[in-house]
Protein chains: 2
Amino acid sequence: MSISSNSLPNDIRRVAAEAGVSIATVSRVFNNPNRVSAKTRRRVLETAARLDYRPNLMGQNLRKGRAQAVGVVIPTPQGRFSDPFFLELLTGLGEGLAEAELDLLVTTCPPGPQELACYQRLVESKRVDALVIARTRRHDERIRYLLQRQTPFVAHGRSDQISQPYAYLDMDGRYGFYLACKHLLGLGHRRIAFIGVSSELNFAHYRLEGYQQALAEVGLIPDPGWILEGDLSEESGYRLTQTLLATTLPPTAILCANDLMALGALQALRELDFKAGQEVSVIGYDDIPLSQYTDPPLSTVHQPIRKMGQRLVEMLLARLNGVAVAELQEVWVPELVLRRSDGAPPV
Amino acid sequence: MSISSNSLPNDIRRVAAEAGVSIATVSRVFNNPNRVSAKTRRRVLETAARLDYRPNLMGQNLRKGRAQAVGVVIPTPQGRFSDPFFLELLTGLGEGLAEAELDLLVTTCPPGPQELACYQRLVESKRVDALVIARTRRHDERIRYLLQRQTPFVAHGRSDQISQPYAYLDMDGRYGFYLACKHLLGLGHRRIAFIGVSSELNFAHYRLEGYQQALAEVGLIPDPGWILEGDLSEESGYRLTQTLLATTLPPTAILCANDLMALGALQALRELDFKAGQEVSVIGYDDIPLSQYTDPPLSTVHQPIRKMGQRLVEMLLARLNGVAVAELQEVWVPELVLRRSDGAPPV
DNA sequence: GCACGTGATGTAAACGTTTTCCAAAAGCCT
DNA sequence: AGGCTTTTGGAAAACGTTTACATCACGTGC
């Protein structure tokens, strides 16, 4: 509010001078309030307020050897748009971090070899205290790197090929798609296709397994031509669905490894005049907010993304407070939410 | 790669020692390479590479008095999910910033009185060098504040009640909805409703004006009951559409101030068994990526969000390089993209 | 009355850089 | 060789904090 009389740098020195104390005292007022007498404390607080003083974060951080920030890098595929999943995750993270006085440093990076460099920059220039990593891969060099650097992090998703323990929060994707596939089988489907993505992505691997397991239990082995690999974009879901339906005996149901691809699938069905949910069933995965507004509303495997974001922050804070990683490994059980994009196969 | 022999702090001092020069020289190698002879430069670079040295950003920033980051705070409505708009904007921003070696500091904040405090913290603790502000309001305290603090920023959207010039990039929303409404009129619609949002939001104000202007040109004044205020959420679009259709002579077309509300509108129509695009037309605004996957695909006013993000960064950098704000004010012309959610009114 | 804890403050050394100023070295030209 | 400019490198002072340590005054118990 009040504009300071002269416009000297508004640093701790100025507050000290105006309050007639040393800068150490000012600092103590903020960091260790009961180490300074009530009288001077009050005086310092007053002048600080009057001058709109706020400690310079760079000074603080340099001295304290921290960054007061956690990083997250979101993969941004070139032309396509990013998965709404990340926005939800981000807001989940943001809410928790604000309370802990931490900021969120968001870097975007096209997936590929440059990605690791991105993490390295953040870590090695000490720009962040910790990281959240998402979309883990089976052989995840990011995790390997962070472990080796001993940089705290939590992962959204596991990484199977890493032996050393680390903190993660994952959904049981195998169970999720086991459930979904079981459900389709129960409805009478026998020709069920799977639109996935490179099994190098850890979650894709599990989701595929769930699908296969459910089929195996009823003695079915899927036609290899029905297990396709997309790239998580709605466009690839669209394209692959088209090819699936072009076959002589097309599947009556399609499991998509994420909602975005499921959206593409629905679109393809629509254009080919297939009634989704009646002639061909589609089930997605993620339950991104928009999946309830598609036509028909998408049946999918629900992931409480925002809540996961919040929990990830809790885990990260625990990690920063020295809680052992062994206690910071969680796998949540997803649930199937049925809307209108699934149904019995045509007779 | 190579693990340094002893594990002393990997700072500039160590590089200097191992290279047999002073720290000043090391620093110069990175900041002012041609002030040091080729021979020593090579030697320093070698040892730096060998030790995996990377300047500590906090040290750098403290010294240089900057933060090497720009902030953006995204409003996160409580229960609802955030507008996909922001994810697109974020990735647009991210791409440009990476090149300029700047990081993006994302803070989430529920809209309301705490919002300004959020900006203040970022600015006054010198955590960011500049800010991007989105969703400007007609009386925008954030802009006022940043102007007063002389903190560089660019706004996505104008703020009409601010007299002092500032950098902005906006779409001509009035024209956008003028176009849309004109189009509906051309199709024969006469009962056109508008689902907006508080005119305190600057863009809402303009979009409403465009709608009114188009109607006025053909001598129509809208039934006041057809101008409704939502809150930008799909849920409010859904609800308001229901009330619109519950009237005895419901509108044959609905203009929605953003795509999210339009999605809700489509959903409401579907549930009431109205054929969207045939019985009732719906036009949205933003062209968020998913609007082409709704049913029917949404006709909307296109905003090149990601591109705007990139341009905002360019403007910000220009601003930081001292370009006058007068040169950094742009209003882009939107275009109407017609998909399937509009059509002639029933006869 | 004296040594002694105790509580409140100040002093100064960090934290890891950049950059200003100097001094030394090295060219270059008569 | 002598004087000049130009390169090159080092010493040291910042940048704004925090914090270990020293200081000092003030009871307090003996």
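Computation of the quantities below employed the complete heavy-atom set of this structure, encompassing side-chain atoms and omitting hydrogens, waters and symmetry-equivalent molecules. Naming convention: chains lettered A, B, ... in sequence-line order (proteins, then strands); numbering from 1 in each chain.
Rounded to an integer number of Å, the gap from CD of B/Glu124 to P of D/dG16 is 16 Å. The nearest whole Å value for the distance from the CZ atom in A/Phe30 to the C1' atom in C/dT9 is 17 Å. B/Asn31 places its CG atom 9 Å from the C1' atom of C/dT17, with the value rounded to the nearest Å. Rounded to whole angstrom, the span from the CZ atom of A/Arg43 across to the C1' atom of C/dA8 amounts to 12 Å. In this structure, B/Met58 atom CE and C/dA14 atom C1' are separated by 18 Å, rounded to whole Å. Following rounding to the nearest Å, B/Arg66 (CZ) and C/dT19 (C1') show an atom-to-atom distance of 14 Å. One interatomic measurement links the two molecules: CG of A/Leu57 to P of D/dG16, which rounds to 14 Å at whole-angstrom precision. In this structure, A/Asn34 atom CG and C/dT6 atom C1' are separated by 15 Å, rounded to whole Å.
For B/Asp103, the salt bridge (charged side-chain N to carboxylate O under 4.0 Å, His left out) criterion is met by A/Arg121, A/Arg127, not counting sequence neighbours. B/Glu314 pairs by the side-chain hydrogen bond (donor to acceptor under 3.5 Å, both in side chains) definition with B/Arg311, not counting sequence neighbours.
Between B/Thr25 and D/dG10 there is a side-chain polar atom (N or O) within less than 4.0 angstrom of OP1 or OP2. In this structure, B/Gln60 reaches the C/dT18 phosphate: one of its side-chain N or O atoms is under 4.0 Å from OP1 or OP2. For A/Ser27 and D/dT19, the shortest distance from a side-chain N or O to OP1 or OP2 is not below 4.0 Å.
Between A/Tyr53 and A/Phe30, the two ring planes are tilted [angle within 30° to 60°].
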When you compare the protein's N or O atoms with those of nucleotides 12-15 of chain D, which come within less than 3.5 Å of each other, and at what distance?
{"from": "D/dA14", "atom 1": "N3", "to": "B/Arg63", "atom 2": "NH1", "distance (Å)": "3.1"}
{"from": "D/dC15", "atom 1": "O2", "to": "B/Arg63", "atom 2": "N", "distance (Å)": "3.3"}

Evaluate B/Leu146 against B/Ile133 for side-chain contact (heavy atoms from CB on, under 4.5 Å), listing each step before the verdict. CA-CA 10 Å; B/Leu146 294 176; B/Ile133 92 177; 3.9 Å; yes
Practice problem: Begin with the C-alpha distance, continue with both residues' side-chain angles, and end with the deciding distance and a verdict on ring-ring contact (aromatic ring centres under 6.0 Å, His included) for A/His156 and A/Phe203. | Solution: CA-CA 10 Å; A/His156 176 276; A/Phe203 71 82; 8.7 Å; no
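Of the charged side-chain nitrogens involved, none lies within less than 4.0 Å of a carboxylate oxygen, so that B/Glu46 and B/Arg42 do not count as a salt-bridged pair.
Of the candidate nucleotides C/dG10, C/dA8, D/dG9, D/dG9 has the atom lying nearest to any side-chain atom of B/Arg28.
Residue pairs meeting the salt bridge (charged side-chain N to carboxylate O under 4.0 Å, His left out) criterion with at least one member in residues 56-70 of chain B, sequence neighbours excluded, do not occur.
Heavy-atom nearest nucleotides on DNA chain C were determined for A/Arg41 and for B/Arg54, and the one closer to the 5' end corresponds to A/Arg41.
Note on the helix from C/dG1-D/dC30 to C/dT30-D/dA1: terminal axis deviation equals 50°, with five pairs used at each end and the result rounded to 10°.
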May I have the list of side-chain donor-acceptor pairs in residues 321-328 of chain B shorter than 3.5 Å, sequence neighbours left out?
{"from": "B/Asn321", "atom 1": "ND2", "to": "B/Leu317", "atom 2": "O", "distance (Å)": "3.3"}

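Other residues, nucleotides and ligands contribute more than 12 heavy atoms inside 6.0 Å of the CD atom of A/Gln114.
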